[in-house]
Amino acid sequence: MIKYVAIAFVAVTFCFQEVNAQFDAMYTHYSFNTLSVNPGYAGSRDAITLTALNRSQWVNFEGAPTTQTFTAHMPLSMNQMGVGINVINDNIGPINISSLYADYSYDVKVTKNTKLALGLKAGMNVIYGKLHELHLDQENDPKFATSLRSDILPNFGFGLYYHAPRWYVGASTPKILENDFQSNSGVLSGKEQRHYFVIGGAAIDLGSSNLVLKPTSLLKVTQGAPVELDMTLMVIYNEQLEMGFMFRTQAATGILIGYNIMKNLRAGYAFDWSFVNRTLRDNNGTHEIMIRYDFVKKDEGKIISPRFF
């Protein structure tokens, strides 16, 4: 059976001698996965934070995207600096992209309660595609009778993250270099695409210490694709249970839920439903599972404030 998503991807992406990728891997739990798009976030939780996320998009649709992400970050030097790493494995049809990045942030105190973090990101990507495994109407097409394998593609990026205990805004471009790559035969070539991200969020009391409203947003911009905006509205109950909904322009809507299993252990689930076109609606939706653990240093006599972001 033809892998429809893979065919669509390859047809759009590889019919030309030079091609550009569209959006990087997307997340519904983006507010829990900020380090993937903004290195200034490193160390901002005042803890050693480990986060793992799995996203299965358009379930039961052959060749649909799947993404696995792991991030770890921590503060250094009296919370003035932060470091982190993030590992991403992203698949769509026959294409696999693996990434490994290190992050560094430096905080500048602006006011008593606000900081501006300057972040740097550096690492590498590896792209691989089993194009020869596709079932084609036209056999022996030289463009598909080969594998797409890149060398190690080094890259770097930067970000700004301005934050307070109950709100944040940020801007970043995680991959500045637009590296060229080509298939083993040299028939197909392409380059990585630069992306720009703007993020923001707040935690607002709802007249009760047990209820907090948490709106967040993520704006994604890249050449050759429509501007995309994720908007999420969550309600937090008793600093433990979090529920809400999301809307992604031109793409999907969905629901999210999070729960503190233990004081420092949090799990989350999200479900998206695509409304782009009839083809993408014929699936069982997108499922995303997230788990996060904070190793918080105990400080006698100090009250640890809630961490909303």
Side-chain angles (χ1 to χ4, degrees), residues 26-38 40-41 43-47 49 51 53 55 71 73 75 79 107 109-117 160-171 197-220 228-249 251-273 275 285-294 296 299 302-309:
M26 67 173 63
Y27 312 99
T28 301
H29 279 108
Y30 60 84
S31 63
F32 296 98
N33 204 35
T34 306
L35 192 65
S36 294
V37 298
N38 193 321
Y41 184 74
S44 63
R45 290 183 58 78
D46 298 331
T49 300
T51 305
L53 183 148
R55 179 179 175 85
T71 65
H73 64 105
N79 295 340
D107 279 345
K109 195 168 185 178
V110 180
T111 68
K112 180 180 178 180
N113 295 317
T114 64
K115 296 179 180 179
L116 176 62
L160 300 174
Y161 185 70
Y162 187 43
H163 60 107
R166 300 181 73 91
W167 59 265
Y168 70 91
V169 293
F197 298 90
V198 178
I199 57 176
I204 305 165
D205 287 332
L206 291 178
S208 167
S209 59
N210 291 331
L211 288 176
V212 176
L213 186 68
K214 192 176 83 169
T216 59
S217 62
L218 170 64
L219 181 69
K220 296 169 278 187
E228 190 169 272
L229 175 64
D230 284 28
M231 296 174 288
T232 303
L233 187 64
M234 305 283 285
V235 175
I236 306 171
Y237 173 69
N238 202 28
E239 298 179 12
Q240 186 171 28
L241 177 64
E242 189 169 1
M243 300 180 67
F245 64 93
M246 60 77 66
F247 177 80
R248 180 176 300 119
T249 58
T253 187
I255 58 173
L256 303 90
I257 185 170
Y259 186 76
N260 284 348
I261 301 171
M262 296 165 30
K263 183 177 180 180
N264 299 325
L265 178 63
R266 184 173 189 80
Y269 169 78
F271 174 81
D272 298 6
W273 178 76
F275 55 78
T286 296
H287 303 267
E288 196 172 286
I289 300 173
M290 180 277 301
I291 189 164
R292 181 180 69 195
Y293 189 83
D294 290 315
V296 180
D299 193 345
K302 182 179 180 181
I303 299 175
I304 303 300
S305 60
R307 292 171 173 83
F308 295 106
F309 309 107

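For clarity, every value in this text was computed on a predicted model and none was experimentally measured.
The two residues Gln240 and Ile236 have their closest heavy-atom pair at N-CG2, 4.3 Å. Looking at every heavy atom in both residues, Gly40 comes nearest to Ala117 through O-CB, 3.3 Å. Phe308 approaches Pro165 most closely through the heavy-atom pair CD1-O, 4.0 Å. Considering all non-hydrogen atoms of both residues, Leu213 and Pro215 come closest at O-CD, 3.5 Å. Closest heavy-atom contact between Ala164 and Thr114: CB-CG2, 3.9 Å.
Applying the side chain to side chain donor-acceptor pair (under 3.5 Å) criterion to Lys115, with sequence neighbours excluded, gives no partner residue. Scanning for side chain to side chain donor-acceptor pair (under 3.5 Å) contacts around Thr51 gives an empty result, with sequence neighbours left out. With sequence neighbours left out, Asn260 forms a side chain to side chain donor-acceptor pair (under 3.5 Å) with Arg266. Residues passing the ring-ring contact (aromatic ring centres under 6.0 Å, His included) test with Tyr27, sequence neighbours excluded: none. For Asp230, the salt bridge (charged side-chain N to carboxylate O under 4.0 Å, His left out) criterion is met by Lys220, Arg248, not counting sequence neighbours. Applying the ring-ring contact (aromatic ring centres under 6.0 Å, His included) rule to Tyr293 yields the partners Phe295; only residues at least two apart in sequence or on another chain are considered. Looking at residues two or more places apart in sequence or on another chain, you find no side chain to side chain donor-acceptor pair (under 3.5 Å) involving His163. Qualifying ring-ring contact (aromatic ring centres under 6.0 Å, His included) partners for Tyr162, counting only residues two or more places apart in sequence or in other chains: Trp167. With sequence neighbours excluded, the residues that form a side chain to side chain contact (heavy atoms under 4.5 Å, CB included) with Asn210 are Ser208, Tyr237, Asn238. With sequence neighbours excluded, the residues satisfying ring-ring contact (aromatic ring centres under 6.0 Å, His included) with Phe247 are Phe275. His29 is linked by a side chain to side chain contact (heavy atoms under 4.5 Å, CB included) to Phe32, Leu53, Leu256, Ala270, Glu288, Met290, counting only residues two or more places apart in sequence or in another chain.
To the nearest 0.5 Å, atom CE of residue Met231 and atom OG1 of residue Thr253 are 9.5 Å apart. Rounding to the nearest 0.5 Å places CD of Glu228 at 5.5 Å from OG1 of Thr249.
With Met246 as reference, Asp272 is the one residue of Leu218, Asp272, Ile255 to meet the side-chain contact (heavy atoms from CB on, under 4.5 Å) rule.
Note on residues 205-214: pairs passing salt bridge (Lys or Arg N to Asp or Glu O under 4.0 Å), not counting sequence neighbours, are Arg166-Asp205, Lys214-Glu242.
Defined by atom type and a distance below 3.5 Å, a donor-acceptor pair is missing between the side-chain atoms of Tyr168 and Thr216.
With Thr49 contributing its side chain and His73 its backbone, the two residues share no donor-acceptor pair below 3.5 Å.
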Quick one, Arg45 with Asp294, criterion salt bridge (Lys or Arg N to Asp or Glu O under 4.0 Å). Give me CA distance, side-chain angles, the key distance, then yes/no. CA-CA 8 Å; Arg45 290 183 58 78; Asp294 290 315; 2.5 Å; yes
